[in-house]
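The block underneath contains the structure these notes are about, expressed in structure tokens.
Numbered from 1 within each chain, the chains take letters A, B, ... in sequence-line order.
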Amino acid sequence: MYNTPVKFDENEWLVLASAIVIFWMLFPYLGASIDYLLGSRNWLDLYDTMDTILIDWYDLLTYNLCYSIYGYLFCHFYKVIKRLSPRYIKFYILGWSAQTALLEWFSALFGVFTYKGWHPFTSFPFYLLLFGSLSFFIATLERWWEQENQLQKVS
Amino acid sequence: MVMFGMIICCILTGLLLKKINRLTKLEFTALWLLTSLLTTYYVASASDILELFNRKQDALYLTFQLGQLILLPSSILFFLNLFHRLTAPAAKVTLFLLWIVLSVSGERILEQLGFFDYVDYPLWLSLSFWSSLLVISLGANLLFRHLLSRRDTFV
């Protein structure tokens, strides 16, 4: 069980801010990178986003707002479930991947995605791989946090 | 040719990353994400939305994207590593100015090599972009360092 801070003040706000910063940037980075690589005209060209084959303002808004909030929620609930019921983590990742694939299919109905070589059924295993890797990344970040915290205390 | 370009990108990235030893892992992660995101948004805005330059949609596209996603952030991190190694303010300012000149020159060389075409892209815009990117990276580095050093000690 984790100890609680003596007083929730600027220290805790700063720590919280730094945790938010990494996760807030990670998901837009992943979204933009994957769209560039899988959706580009001359490479795989598996799908297009929004109205045109080019990036527009709503693509950037989607990356910054939708992907980051959704990804942050994944990380938040991941940590909650890991703390309360670690044996359900695999089900959580399965469920979140299925939910994301469903949301993607729903978005495609409204034209957010236009599938060319991509099939919605391919999304589920893809998201499974993505969120599985992310859970490993979260664990790695926590480990680095603890290591650097220990080094700081020693110094 | 494409594979050759990608291999060169990966080798250069590896060489740069090997030299980075003055940033903590969390700083490294946060700064990598920040510089990649800023560059991705800038390139997307400048090429697809404002049409200031055209990215090539041929075999060079993948090399360009890989360079943008991995080589550019690692070069910025290498710059930050060098920046922290220097102690004299004059040396830091010289490095900063030299890096801007190298970046702008590199960009012009890539344009000559055919990775992209300028449409309406003046020199001052190049200078503004590269200097802003370096200033933001430096500022973010200081902020992340401050955030990470303000961990509370739990009772």
**Asked** Given a strict heavy-atom distance threshold of 4.5 Å, which part of A/F137 is in contact with chain B: side chain, backbone, both, or neither?
**Response** side chain
**Asked** Where on B/T29 is there a heavy atom nearer than 4.5 Å to chain A: the side chain, the backbone, both, or neither?
**Response** side chain
**Message:** Restricting to ring-ring contact (aromatic ring centres under 6.0 Å, His included), what partner residues turn up for B/F115, sequence neighbours left out?
**Reply:** none
**Request:** To the nearest 0.5 Å, tell me how far B/L38 CG sits from A/M25 CE.
**Result:** 8.5 Å
**Asked** Should we say atom OH of B/Y118 is surrounded by more than 12 heavy atoms from elsewhere, each under 6.0 Å from it?
**Response** yes
**Within 6.0 Å of CZ in A/F106, more than 12 heavy atoms from elsewhere** = no
**Fill in**
Closest non-hydrogen contact found for B/L69 with A/Y29 is O-OH, 3.6 Å
**Item:** ring-ring contact (aromatic ring centres under 6.0 Å, His included) partners for B/W99, two or more places apart
**Value:** B/F79
